[in-house]
Trainee: 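Supplied in structure tokens, the structure appears directly below.
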Amino acid sequence: MRWVWPSAAWCYPDLLSAGVRVARCHDIALVEALLLGRDGRHGETATLAAAWARLRGERVPRQAAAASGAPQAAALRVAQQALFQPAETEWPEGDIVLDALAAVYADQLVRMATGDAPARLRLLAAAESAGALAAAEMSFDGLPWRPEVHDELLAGLLGPRPARGERPSRLAGLAEQITAAFGGRPVNPDSPSQLVRAFAADGVSVSSTRSEVLRGIDHPAAPLLLQYKELARLHAAHGWAWLDSWVTAGRFHPEYVVGGVVSGRWATNGGGALQIPRVLRRAVVADPGWTLVVGDAAQLEPRVLAALAGDRAFAQAAAAGDLYSELAGAFGGDRGKAKVALLSAMYGGAGGEAGQLLAVLRRRFPDAAGYVEAAARAGEEGRVVRSVLGRTCPPPSAAWRLATASATEPGAARSVRARGRFTRNFVVQASAADWALVLIACLRPRLTALGAPTGPSGPGRAHLVFFQHDEVIVHCREELAEPVVAAIGSAAREAGRLVFGSTPVRFPVTTAVVSCYADAKARGGP
DNA sequence: TTCCGTTGCGCG
DNA sequence: AAAGCGCGCAACGGAA
């Protein structure tokens with residue numbers, strides 16, 4: 001039993017406000033996007049209205065402008081309203097909407113059955129739809145956020161909250177010092193071009209004002225600027241204005257965009273939920289009597305590569321605890337070298353000693369190296385590649401084809417290599433996103449099944465409050481912490497089975513039960 | 001005035 | 001230590 005609807009992003013928030021929770025759904029818009037992508041038609045509108053028009057050979061309604069903030073076409077809004085009007089009112093378009101839903105749904109089932117691996121694509125469609133439910137629920141429930149902790153952190157770093165539009169005292173002081181360091185010439189530290197000119201006037205030539213560039217130059221303004229930039233960024237991106245806009249009643253309510261990244265990762269539409277500075281994790285605190293269970297998939301992408309490639313030696317290493325340590329033997333016992341080799345293989349880097357390490361990787365783990373290199377070659381030749389569950393990368397643009405058609409075209413080789421790096425990384429990143437999405441889909445019903453004193457959908461329930469690529473946070477009553485930890489582990493194992501079948505590769509999730517997000521184990525190995 | 005490309009940095 | 005991939009967001013500054 002599942003709901004079939006035009007878009008969870010549009011239909012579900014109103015239901016949540018009305019106290020209704022949905023277990024499963026089929027999200028027409030998200031599945032349409034997957035199917036269009038599968039057929040090399042990434043740019044086309046994926047709404048119910050567009051799919052319905054295509055099905056009947058009619059003109060496809062224009063896509064709403066992305067910048068307008070409205071993610072759906074107006075036609076779909078009409079459809080959605082009609083679908084959810086109370087039954088006793090007249091809804092003249094209702095039959096049409098239901099006809100469209102039924103017809104497009106049936107068509108999508110047929111199209112899903114026609115690919116190379118229909119079962120995998122159906123799994124991807126189900127997981128994407130479940131992700132849309134989780135995203136709407138997380139936006140609705142919100143991430144526990146203590147504004148007073150946030151304010152104290154800001155005040156400690158920047159000085160007390162300034163009047164609107166004013167620089168905080170710490171930034172104002174640094175700006176004065178920077179001006180003094182340039183011999184009293186006024187310079188706006190927020191303006192890269194002014195800074196480049198100011199450095200030039202002092203005989204220091206800089207290519208840009210990036211932090212890494214500033215770290216390498218000898219000028220009294222450089223260390224001041226490094227401090228200024230770090231604090232100014234915090235103030236601009238996650239300062240008091242952010243707090244006012246995004247945190248209400250002790251909850252941060254971000255807007256997730258499921259499938260917002262070509263690789264299948266989520267994006268955000270506001271609030272920057274996927275870019276929260278680590279220092280602000282101190283403000284994420286469980287309610288009294290509650291706790292946060294923070295789960296982090298350890299070394300997810302190299303493990304995904306091991307499972308994808310079916311490289312026996314590599315998969316054997318990924319069956320144990322620390323993947324890089326297991327691989328270190330092949331690199332003279334140096335864990336760091338193993339990590340560099342893996343990251344270079346997945347990202348396409350070859351600078352420094354990476355080239356040598358890649359050669360070692362190729363010799364010792366030929367199937368793993370061969371997998372990403374085949375993906376890179378496909379991209380360089382203008383072909384598309386797919387994730388393990390069948391999410392497809394976009395084809396090259398017309399501009400790319402033009403620029404790479406002739407070897408004499410300046411930059412042709414550079415464009416070719418860039419697309420190779422993109423497709424090389426896509427197969428890994430997108431397959432990791434597949435796994436994480438299935439993890440979420442498996443975890444939701446497990447959390448519901450844990451129940452609560454007030455019932456499974458009542459205020460005492462364990463619920464997801466955060467999802468960031470390979471990391472989840474569940475907010476639950478303290479007594480549910482252990483069952484939640486077990487649920488995350490069990491969901492991870494099921495995700496591994498569903499996505500990769502029988503493989504020796506394990507996908508361990510490290511969990512931390514904490515009252516404050518900042519106290520969860522720092523990501524990244526030793 | 002608004003719009004848009006660039007720069008720079010936060011996260012994975 | 002940095003690098004290779006994927007993003008969102010804010011500020012700047014020139015164009016329209």
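Predicted model only: the values in this text are computed from it and were never measured. Only heavy atoms go into these numbers, but all of them, side chains included; no hydrogens, no water, no symmetry mates. Within every chain, numbering begins at 1; the chains are lettered A, B, ... in the order of the sequence lines, protein sequences first and strands thereafter.
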Trainee: Are the charged groups of A/D434 and A/R386 less than 4.0 angstrom apart, N to O?
Mentor: no
Trainee: Using a strict cut-off of less than 4.0 Å between a Lys/Arg side-chain nitrogen and an Asp/Glu carboxylate oxygen, indicate whether A/R170 and A/E230 qualify as a salt bridge.
Mentor: no
Trainee: For A/H469, give me all partners under ring-ring contact (aromatic ring centres under 6.0 Å, His included), at least two apart in sequence or on another chain.
Mentor: none
Trainee: For A/L154 and B/dG10, what is the distance between atoms CG and P respectively, to the nearest whole Å?
Mentor: 15 Å
Trainee: Please report the shortest heavy-atom distance between A/L305 and A/M346, naming the atom on each side.
Mentor: CD2-CG, 4.1 Å
Trainee: Is C/dG4 syn or is it anti, if syn means the base angle is within 90 degrees of 0?
Mentor: syn
Trainee: Find the distance A/D470:CG to C/dC7:C1' and express it as a whole number of Å.
Mentor: 14 Å
Trainee: Does A/R265 make a side-chain donor-acceptor contact with the base of B/dG12, cut-off 3.5 Å?
Mentor: yes
Trainee: Expressed as a whole number of angstroms, how long is the span from A/H235:NE2 to B/dG10:C1'?
Mentor: 16 Å
Trainee: Might you confirm whether atom CZ of A/R161 has over 12 heavy atoms from other residues, nucleotides or ligands at distances under 6.0 Å?
Mentor: yes
Trainee: Closest approach of A/A309 and A/A368, non-hydrogen atoms and distance?
Mentor: CB-CA, 3.6 Å
Trainee: Among A/V285, A/T248, A/L243, A/V465, find the one that has a side chain to side chain contact (heavy atoms under 4.5 Å, CB included) with A/W145.
Mentor: A/L243
Trainee: Which pair of heavy atoms, one from A/P189 and one from A/A175, lies closest together, and at what distance?
Mentor: CG-CB, 4.1 Å
Trainee: Can you name the closest pair of heavy atoms from A/A130 and A/R444 and give their distance?
Mentor: O-CD, 4.0 Å
Trainee: Give the minimum heavy-atom separation between A/L323 and A/P302, together with the two atoms involved.
Mentor: CD2-CB, 3.3 Å
Trainee: Looking only at atom types and distance, does a side-chain atom of A/S387 sit under 3.5 Å from a main-chain N or O of A/V427, one as donor and one as acceptor?
Mentor: no
Trainee: Any residue in residues 362-384 of chain A with a heavy atom nearer than 4.0 angstrom to DNA chain B? Just list them by number, or reply none.
Mentor: none
Trainee: Whole angstrom is fine here: how far is it from CG in A/L274 over to C1' in B/dG10?
Mentor: 11 Å
Trainee: Parallel, tilted or perpendicular, judged at 30° and 60°: which one describes the rings of A/H219 and A/F199?
Mentor: perpendicular
Trainee: For the side chain of A/P277, starting at C-beta, report the closest nucleotide among B/dG12, B/dG10, C/dA1.
Mentor: B/dG10
Trainee: Do any N or O atoms from the side chain of A/H42 and from the backbone of A/T392 form a donor-acceptor pair under 3.5 angstrom?
Mentor: yes
Trainee: Taking only nitrogen or oxygen atoms into account, show me every contact under 3.5 Å that the protein makes with nucleotides 8-10 of chain C, one pair per line with its distance.
Mentor:
unit_1, atom_1, unit_2, atom_2, d
C/dG8, O4', A/Q275, NE2, 2.8
C/dG8, N2, A/R233, NH2, 2.9
C/dC9, OP1, A/G270, N, 2.9

Trainee: Going by number, which of residues 417-440 of chain A have a non-hydrogen atom under 4.0 Å from DNA chain C?
Mentor: A/R421, A/F422, A/N425, A/Q429
Trainee: What's the angle between the local helix axes at either end of the helix from B/dT1-C/dA16 to B/dG12-C/dC5, using five pairs per end and rounding to 10 degrees?
Mentor: 10°
Trainee: By nearest heavy atom, map A/S263 and A/S344 onto DNA chain C; which one lands nearer the 5' end?
Mentor: A/S344
Trainee: Can you check the A/R391 CZ to C/dC5 P distance for me, whole Å?
Mentor: 21 Å
Trainee: Atom CG of A/L358 and atom P of C/dA3: how far apart are they, to the nearest Å?
Mentor: 16 Å
Trainee: Are A/Y256 and A/F467 close enough that their ring centers fall under 6.0 Å?
Mentor: no
Trainee: Can you list, by residue number, the residues of residues 188-222 of chain A that have a non-hydrogen atom closer than 4.0 angstrom to DNA chain B?
Mentor: A/P192, A/S208, A/T209, A/R210, A/S211
Trainee: Please check the phosphate of B/dC9 (OP1 and OP2 only) for any side-chain N or O of A/K229 closer than 4.0 Å.
Mentor: yes
Trainee: Taking any heavy-atom pair under 4.0 Å as a contact, classify A/L234: base, sugar-phosphate, or nothing.
Mentor: nothing
Trainee: For A/L464 versus A/M138, what's the shortest heavy-atom pair and its separation?
Mentor: O-CG, 3.4 Å
Trainee: For a salt bridge (charged side-chain N to carboxylate O under 4.0 Å, His left out) with A/D190, tell me which candidate from A/R233, A/R167, A/K229 qualifies.
Mentor: A/R167
Trainee: Rounding to an integer number of Å, can you tell me how far A/R278 CZ sits from B/dC9 C1'?
Mentor: 15 Å
Trainee: Any side-chain to backbone donor/acceptor pair from A/R146 onto A/D151? Under 3.5 Å, distance only.
Mentor: no
Trainee: Over how many whole Å does the gap from A/H469 atom NE2 to B/dG12 atom P extend?
Mentor: 8 Å
